Amino acid sequence: MRPHEYHSPMSKYPFQQIEQTWQKYWEENRIFKTVEDPAVPKEKRRYVLDMFPYPSGSGLHVGHPEGYTATDIYCRFLRMKGYNVLHPMGFDSFGLPAENYAIATGTHPGVTTAKNIDIFRKQIKSLGFSYDWDREISTHTPEYYHWTQWIFLQLYKKGLAYESDTPINWCPDCLTGLANEEVNDGKCDRCGTQVKKKNIRQWILKITEYADRLLEDLDELEWTDAIKAMQRNWIGRSEGADVVFSIEHSEESITVYTTRPDTLFGSTYMVLAPEHHLVREIVTEEHRDAVEQYLQQAQQKSDLERTDLAKEKTGVFTGAHAVNPVNGKSIPIWVADYVLISYGSGAIMAVPGHDQRDWEFAKTFNLPIVEVVEGGNLEEEAYIGDGLHVNSGFLDGLSTEDAVESMNDWLESKNLGKRAVNYKLRDWVFSRQRYWGEPIPLVHCDACGIVPVPEEELPLMLPEVESYTPSGTGESPLAKIDHWVNTSCPECGGHAKRETNTMPQWAGSCWYYLRYLDPDNAMEFASQEHIDYWMPVDLYVGGAEHAVLHLLYARFWHKVLYDLGKVNSKEPFLKLINQGMITSFAYQRKDKSLVPTDEVTESEPGVFIETATDEELEQVVAKMSKSLKNVINPDEIISSYGADSMRMYEMFMGPLQVSKPWSTKGLVGVFRFLDRVWRLSQRELTDEQPPEPLVRLLHRTIKKVSLGTEHLEFNTAISQMMIFVNELFKEEKLYRELWDPFVLLLSPYAPHLGEELHQRLGHEHSLAYAPWPSWDEELTREEETEVVFQVNGKVRAKAMMSAEADQESMKQAALEHQRIRQWIEGKVVVKIIAIPQRLVNIVVK
RNA sequence: GCGAGAGUGGUGAAAUUGGCAGACACGCUAGACUUAGGAUCUAGUGCCUUACGGCGUAAGGGUUCAAGUCCCUUCUCUCGCACCA
């Protein structure tokens, strides 16, 4: 490496040259290439993963670098601590936007995607992240989706994939089916269009078979309680009992699921969901018309409408009756859409006394309400709480917990029911009627039925099409390519048709962390050696928007692979951190409407007015949006202030996990700090022994930065570096003994400047693997500390005292202090508390 | 409604987990300096008060010698779920 000189003004450090130089150096010398060195023991290996981006046409936004910077700092720190670190990056490159663009313009999604990936890669590289780019992957390449298809076949062969015609969430705009998780407020997660119910043949994955394990194994993960709670919520496990009710004048029976079998004596009617298969069978002639009409109405309503109308309970009597198994009473069977076909058995025993929904329904339709648990006022509302059972035969006098047990035993002994567990989690609609996704490697044979494409024929390539528009029948564009669709059966050789559905975008991201381990392997998705070397992921950082979808799906696939003996851990991601969103300031009128940033003037500090009307506005925090004109473009920030400032500012803003508003003024503060570091570096370097207070400060700084970096508390680590630099700046000279370690501390945060300063100190090699400075605990302790003297908890004086001072001498010093004596004069000292190195509190009366 | 989390200066935020509230940074004020820059340097900056001092971490109450931190009540905001039987 050759030393070089920059010709630049005294201030303004030449970040552009520095950043270019070192990015080139890292790339050309493959500084961050990672190899599986068996000599490195397991405990000295770390796999640090970022959620890979979808390469959208709008490029990187300021949110991306936040998590990426955090992991980069952490990885650089770990390398300097002697760890072998795997830190890869890639692209989640199948997805709807490129396909919609193709429909609009005719441009092949592969072309758009490749272009966007190039832009993303360039932007990511411009931030100086230490990824091992030799491991880059993109999910849309055949080399990658070969193994996505292979994993799908394993799921299929394990019986975890099935075809179904049951009604699914259909997005009329995306022209595709959606999983429950992809529907928000009855609207498509992607495009916001109202989702409809539609029957279309779909491939479904049996994620529910793993519900219990997905729930239980959360316990051993180092994830935040919030994310764990969301996943638990989504899985929604509940314990109860299935109870069988016989139907009068019928061979059929109705099974219901209840979490409150103890209230069975209070069940005065039953309700079936409109979609329940027995509705049309049991309805009496007299009620058939009314019921049919109700079913029609229910079918036309979307889920959103059905839940929107939650306040008013609707329903209709079928004319049929069931027998309450516990007391033999005849109870009417109703149909109502407040009962969901997708939960439990799609039928309930209604206990209006102790379930608010049933209570409201009973009030609406004048059905009897019977109290079976004491404690509430059933005239007012249902009583959900615990209490002694009444009107309940053998349960009378028992509390809820005992009554549940007792009833369950009774039901099981009479063969009328059994203990049961239910989940809110539904199976995963896995097929999409779209082009730009992995083809599902199955064929439909006239003779053999569904036959998997032989593994040795994978990847099943995505064919070229003339039109990207989904076919009118709701099938994918692939259905229109006869020569691709028509094939021969791998088993019998007879005529067969290919599956034309493709996989959802989640498929590729379900296992990408495994492909990084061995990205060029043509024989298997990753070799066992590499999996054993690195897995599981030690730290996974990404946005909280994937709290349910991606993380649940990836965990599911991982568990399947674990059961197949293909991976070595039950869970893929040990520790998960969700970075907060980077928001922006926005300005709000009194009526709460927002004003675009370019229409706002700051009339005086902290006072904002709408330029056109002079109306005073309130500064609020909002998401960045094009309409508010408060979107920050990272490219512009990097070209004006440099990548090091960008990185460091995003870490300085506040804790990684919380959302925080962008302020370019705040960024300038960090830029000034780096500029100051640069100017400091140009002072005369001396090998003289630095003053002791500065040595002590250095050691405190090393400690603070080391611990802060290790715990991802970057903001306070940075302030400590600022404190250190502010002190150094007061000195005439630059002490090598202080400067050399400081440059190392700074380098994970501002790696370009770090390398530059390291080189200028005369070091020949990159500091990427230079040993991280250590601190002397003795030197981090203050010899003298300021001790506060309080009287009745109020600070009245302060004094410097030896850190060694014991409680007795502290008390003595406080009592002798002149100002304290004034405060306690004429009063009775009741008690004195002394906390070494902190305070003395004298309690007087 | 249920679940999770959060409320600290004009702003972003600190606070060794019960021990000086506001570190660090932005902004602002005053001054210095200059090769007029996105400068830089020095000092000041929670609120009230001439001062002594008083008040202050969403609001109210409590525990404690001592509370931003622990407990109770209330309010507000953010996120997730939403008739889940």
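Numbered from 1 within each chain, the chains take letters A, B, ... in sequence-line order. What's counted below: heavy atoms across the whole structure, side chains too, no hydrogens, waters or symmetry copies. Since this is a predicted model, take the numbers as computed values, not measurements.
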Query raised in the report: To the nearest Å, how far apart are A/Arg700 CZ and B/A23 P?
Result: 16 Å
Report summary line: Taken to the nearest whole Å, NZ/A/Lys665 to C1'/B/G27 is 6 Å
Report summary line: When A/Met722 and A/Ser640 are each assigned the nearest nucleotide of RNA chain B, the 5'-most assignment goes to A/Met722
**Report entry** Nucleotide paired to B/G46 in any strand shown, Watson-Crick or G-U, under 3.5 Å
**Finding:** B/C55
Report summary line: Separation of B/C24 atom P from A/Leu728 atom CG, nearest Å, is 15 Å
Report task. Find the distance A/Trp678:CH2 to B/G37:P and express it as a whole number of Å. Result -> 22 Å
Query raised in the report: Is the ring centre of A/Trp662 less than 6.0 Å from the ring centre of A/Phe585?
Result: no
Query - Value in whole Å for how far the P atom of B/C81 lies from OH of A/Tyr423 - result: 21 Å
Query raised in the report: With no angle test and no hydrogens, is the base of B/C83 tied to the side chain of A/Lys313 by a donor-acceptor pair under 3.5 Å?
Result: yes
Query raised in the report: Cationic tip of A/Arg676 within the cone over A/Phe729's six-membered ring, i.e. under 6.0 Å and within 45° of the normal?
Result: yes
Report task. Indicate syn or anti for B/U29, taking the glycosidic torsion and treating anything within 90° of 0 as syn. Result -> anti
Requested in this report: Compare the minimum distances between each of B/C20, B/C41, B/G12 and the side chain of A/Leu839, then state the nucleotide with the smallest one.
Outcome: B/C20
Report task. Would you mind classifying the nucleic acid contact of A/Asn841 as base, sugar-phosphate or nothing, using non-hydrogen atoms under 4.0 angstrom? Result -> base
Report task. Give A/Thr258 one of three labels, base, sugar-phosphate or nothing, depending on what nucleic acid heavy atoms sit under 4.0 Å from its own. Result -> sugar-phosphate
With 3.5 Å as the limit, what N/O pairs link the protein to nucleotides 55-58 of chain B?
none

Query raised in the report: What is the nucleic acid contact for A/Arg237, judged by heavy atoms within less than 4.0 Å: base, sugar-phosphate only, or nothing?
Result: nothing
Query - Cationic N near anionic O, under 4.0 Å, A/Arg232 to A/Asp219 - result: yes
**Report entry** A/Asp355 with A/Arg260: basic N within carboxylate O range, under 4.0 Å
**Finding:** no
Query raised in the report: Under 4.0 angstrom, heavy atoms only, what part of the nucleic acid is A/Val843 near: base, sugar-phosphate, or nothing?
Result: sugar-phosphate
Query raised in the report: Between A/Trp234 (CH2) and B/C79 (C1'), how many Å, whole number?
Result: 14 Å
Report task. Kindly point out which of B/G19, B/G27, B/G54 is positioned nearest to the side chain of A/Gln790? Result -> B/G19
Query raised in the report: Between A/Lys827 and A/Glu825, does at least one N-O distance fall below 4.0 Å, as a salt bridge requires?
Result: no
**Report entry** Atom C1', compared across B/C79 and B/U29: separation rounded to whole Å
**Finding:** 40 Å
Requested in this report: Using the P atoms only, state how far B/C71 lies from B/A6, rounded to an integer number of Å.
Outcome: 12 Å
Report task. May I ask you to say what A/Asn792 touches in the nucleic acid, namely base, sugar-phosphate or nothing, with a heavy-atom cut-off under 4.0 Å? Result -> nothing
Requested in this report: For the side chain of A/Lys660, starting at C-beta, report the closest nucleotide among B/U40, B/G12, B/A85.
Outcome: B/G12
Query raised in the report: Under a 3.5 Å cut-off for both distances, is B/G68 Watson-Crick or wobble paired, and to whom?
Result: none
Report summary line: Residues passing the side chain to side chain contact (heavy atoms under 4.5 Å, CB included) test with A/Ala362, sequence neighbours excluded, are A/Tyr269, A/Pro352, A/Leu367, A/Ile369
Query - Salt bridge A/Arg647-A/Glu650, side-chain N to carboxylate O under 4.0 Å - result: no
Requested in this report: Mind checking A/Arg672 for me? I need base, sugar-phosphate or nothing, with any heavy atom below 4.0 Å counting as a touch.
Outcome: sugar-phosphate
Query - Nucleotide forming a Watson-Crick or wobble pair with B/G1, both distances under 3.5 Å - result: B/C81
Query raised in the report: Of all the nucleotides listed (B/G80, B/A13, B/C83), which has the minimum atom distance to the side chain of A/Asn715?
Result: B/A13
Requested in this report: For nucleotides B/A43 and B/A25, find the distance between their P atoms and express it as a whole number of Å.
Outcome: 12 Å
Report task. For B/G54, measure the glycosidic angle (O4'-C1'-N9-C4 for a purine, O4'-C1'-N1-C2 for a pyrimidine) and name it syn if it falls within 90° of 0, otherwise anti. Result -> anti
Requested in this report: Could you check whether A/Val830 gets within reach of a base, just the sugar-phosphate, or nothing at all, counting any heavy atom under 4.0 Å?
Outcome: nothing
**Report entry** Electrostatic pair A/Glu731:A/Arg683 at N-O distance under 4.0 angstrom
**Finding:** no
Report task. Measure from CD1 on A/Ile718 to C1' on B/C26 and round the result to the nearest Å. Result -> 15 Å
Report task. For A/Gln356, report the nucleic acid contact type (base, sugar-phosphate, nothing); a contact means any heavy atom under 4.0 Å. Result -> nothing
Report task. Looking at every strand, decide which applies to A/Phe729 at a 4.0 Å heavy-atom threshold: base, sugar-phosphate, or nothing. Result -> sugar-phosphate
Query raised in the report: Angle class for the A/Phe714/A/Tyr749 ring planes (parallel below 30°, perpendicular above 60°, tilted otherwise)?
Result: perpendicular
Report task. Give one of base, sugar-phosphate or nothing for A/Arg819, where a contact means two heavy atoms less than 4.0 Å apart. Result -> sugar-phosphate
Report summary line: When rounded to whole Å, the CD1 to P distance for the pair A/Ile820 and B/C65 reads 19 Å
Report summary line: The answer to which of A/Ile723 and A/Lys798 contacts RNA chain B further toward the 5' end, by nearest nucleotide, is A/Lys798
Query raised in the report: Within the structure shown, what part of the strands sits under 4.0 Å from A/Phe652 by heavy-atom distance: base, sugar-phosphate, or nothing?
Result: base
Report task. Rounded to the nearest 0.5 Å, what's the gap from CG on A/Leu215 to CH2 on A/Trp234? Could you check? Result -> 15.0 Å
**Report entry** Any A/Asn726 side-chain nitrogen or oxygen under 4.0 Å from OP1 or OP2 of B/A25
**Finding:** yes
